[in-house]
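Written below as structure tokens is the structure these notes are about.
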Amino acid sequence: MTYQWFTIYNSTLFLKGLNVRDTYCGTIRKEDVDKTVTLAGWVFRRRDHGGLIFADLRDVTGLVQIVFSPEISKEAHERAGDIRSEYVLKVTGKVLRRPDETENPNLPTGQIEVYVSSFEVLNTCKVLPFQLDDEEINEATRLRYRYLDMRRPDMQKIFIERSKAYAVTRDYLLSKGFYEFETPLLTKSTPEGARDFVVPSRLNTGMFYALPQSPQLFKQLLMMSGFERYFQIARCFRDEDLRADRQPEFTQIDIEMSFVGREDVMSVNEGLIIALYEALKGKKPPEVPFPRMTFAEAMEKYGSDKPDLRFDLTITDLTSIFLKTEFGVFKKTIESGGLVKAIVLKGKTLSRKDLDVSVDMAKELGAGGLIWMRKDAEGLQSPIVKFLSDEEKSQMISLLGVEAGDVIFIMSDKPGRVSDLMGRFRLYIGEKYDLIDKSLDKFLWIIDFPLLEYSEEEKRYVARHHPFTSPKEKLVGFDGNYDAILANAYDLVFNGVELGGGSIRNHRTEDQAEMFRLLNIKDEEASDKFGFLLEALEMGAPPHGGIAFGFDRILMMFLGLSSIRDVIAFPKTQKGSCLLTGAPSRVAPRQLTELKIRTMTD
RNA sequence: GGGGUCGUAGUUAAGCCUGGUUAUAACGCCGGCCUGUCACGCCGGAGGCCGCGAGUUCAAUUCUCGUCGACCCCGCCA
């Protein structure tokens with residue numbers, strides 16, 4: 001499949017008379033020798049040799065060396081002395097083969113150069129706050145002058161790739177019979193899930209819109225309208241604290257389908273992700289179809305619902321070995337329903353200091369402690385080994401398959417907590433001891449999530465995905481074990497990062513009512529918050545389900561970047577401010593008066 | 001809400017632990033020289049509220065506290 005965006009570089013697309021130039025800098029090759037070209041772009045670097053002046057002229061396609069020589073034009077050469085970095089020029093000149101020994105193999109245009117016969121300064125440029133070819137500039141400075149930051153070729157490449165990704169997404173989904181929609185940005189606040197950004201309504205004093213956390217309810221309504229396949233490249237807003245991979249506004253590829261089950265949604269969307277992967281990475285994904293793992297297995301073996309499979313290092317449950325232990329820590333934990341879990345680090349030599357650092361790290365992660373054991377020719381060495389029976393030691397050695405030189409790390413805590421801690425400790429060890437093969441790319445579907453999870457904060461069960469997710473099997477004869485109900489939900493994980501997730505929804509009123517009952521949401525409350533959806537379910541709602549992918553996150557991962565800000569044109573800082581525009585800011589008192597809003601100070 | 005790292009010429013950093021001379025370097029900038037450079041080179045020069053505020057001290061870029069800002073993480077968030 002070829003895409004149109006490449007053809008922008010094809011000169012046949014120029015509109016005669018409207019363009020200042022007739023050729024793009026980065027496209028000139030030795031085949032163009034002897035042509036007279038008119039270029040337009042920015043002066044990237046200038047090398048003034050007195051008698052001869054070289055400059056690199058850059059436009060969106062790349063750069064080409066231009067030469068000002070008094071032998072071609074005395075006037076141009078003289079005026080060229082005043083040219084400075086980032087001046088905007090229109091130059092006309094002849095393409096010539098570079099002399100022997102002066103070709104630059106590092107440049108696509110390195111075999112030729114353009115001898116300038118005349119030029120025009122379209123605009124001058126102040127001295128920039130940072131050099132465009134400087135690799136390491138403080139991110140705050142880059143964000144303050146984001147338009148300059150994005151003038152850098154590396155950044156341009158990212159946003160050209162981003163544009164390509166939009167096109168691939170639309171192309172793929174349209175070819176699969178999806179229709180593209182837009183849904184409101186000014187909508188109703190939904191109390192479940194993340195904190196809403198809120199927008200006051202002038203026409204309705206004291207009332208507020210919310211910006212959507214996702215188009216969830218609208219896309220379900222579109223299924224009820226009968227469009228059957230919906231997608232949107234949708235902006236979403238969540239007023240929560242930020243991270244390297246989280247922004248307050250971000251873009252999702254939002255998808256919903258009717259008359260489908262889990263497998264349909266997963267296979268269509270696996271196709272989309274493969275198309276994006278191929279377009280951005282220029283190669284096929286290593287394993288197709290993507291492997292799958294249940295949530296239970298992921299938590300058990302990797303201590304995470306988004307395991308990074310680029311390294312092995314799985315977690316082993318040792319609880320059964322220590323059921324009758326005399327070792328106080330394990331004994332107490334197990335008696336109160338906790339578990340003992342271990343990972344084994346093989347083939348690395350750890351000093352006593354390394355081990356101490358590991359213990360500190362575990363505590364930093366929030367663990368009560370970390371026990372290490374080293375296997376040598378004599379047996380297991382550890383500060384706690386004297387508390388363990390020979391039986392326990394030999395069982396551990398055989399269950400974990402440890403050999404001389406290996407180190408066992410053990411934690412014990414409440415079941416959910418020890419899994420989570422071990423999962424994060426596993427990532428730390430993987431990173432620290434270089435176990436992660438960064439050349440690998442590992443996709444993984446996680447399926448069979450629990451429908452509900454207990455919220456310590458709210459002291460009740462809440463929907464793990466969202467309250468419209470259907471259970472995997474109909475809730476017949478529910479026995480009160482909330483944790484055991486599985487959801488018809490799925491997440492796509494890539495190298496330990498969640499790219500997206502979705503579910504098959506409840507499409508019958510009674511199933512949705514049952515869900516609200518489980519969540520302990522009363523009828524009135526449900527109808528107040530989601531009444532319009534419940535009503536729609538009663539009017540011939542088809543079975544439906546969907547998924548949403550974090551578009552920015554996909555780009556970040558597939559382009560090998562470590563910050564989501566690098567793939568967003570004008571991102572916000574960790575405190576949600578825009579260093580370029582100065583948002584958020586105070587507004588004029590009149591604006592607040594119109595809205596009948598008074599601000600409080602503490 | 002909590003933990004951590006950082007803030008010094010336009011930029012990127014050193015100096016700070018161990019307080020005291022003119023605050024150092026590279027790149028950039030300005031001037032001069034240079035016809036084969038491509039991170040051009042050579043010579044010369046300018047450029048600092050050491051984030052901000054308080055405290056300790058004879059003396060603070062340096063120590064202490066606060067504050068503002070940037071980044072990373074936990075909580076939070078799909």
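Below, read A as the first sequence line, B as the second, and so on, with proteins coming before strands; counting in each chain starts at 1. Because the structure is a prediction, the values reported are computed rather than measured.
One C1' atom belongs to B/A9, the other to B/G45, and the distance between them is 15 Å to the nearest Å.
Between B/U12 and A/Gln131, no contact under 4.0 Å exists linking OP1 or OP2 to a side-chain N or O. Between B/A70 and A/Thr573, a contact under 4.0 Å exists linking OP1 or OP2 to a side-chain N or O. Here A/Gln213 reaches the OP1 or OP2 of B/A78: one of its side-chain N or O atoms lies under 4.0 Å away. OP1 or OP2 of B/A70 sits under 4.0 Å from a side-chain N or O of A/Ser577. Residue A/Arg243 has a polar side-chain atom (N or O) positioned under 4.0 Å from OP1 or OP2 of B/C74. The side chain of A/Arg84 contributes an N or O atom lying less than 4.0 Å from OP1 or OP2 of B/C30. For B/C72, one of the phosphate oxygens OP1 or OP2 lies less than 4.0 angstrom from a side-chain nitrogen or oxygen of A/Arg565.
Cation-pi geometry between A/Arg79 and A/Phe119 is met: under 6.0 angstrom from the ring centre, within 45 degrees of the axis.
Candidate nucleotides B/G36, B/G75, B/G28 were compared by shortest atom distance to the side chain of A/Asp241, and B/G75 ranks first. For A/Glu113, taking side-chain heavy atoms from C-beta onward, the closest of the listed nucleotides B/U37, B/C29, B/C38 is B/U37. When the nucleotides B/C74, B/U37, B/G36 are ranked by their closest atom to the side chain of A/Arg47, B/U37 comes out on top.
Under 3.5 Å, the side chains of A/Arg58 and A/Gln156 contain no donor-acceptor pair of N or O atoms.
In this structure, A/Glu498 reaches the bases: a heavy-atom distance under 4.0 Å links it to at least one base atom across the strands shown.
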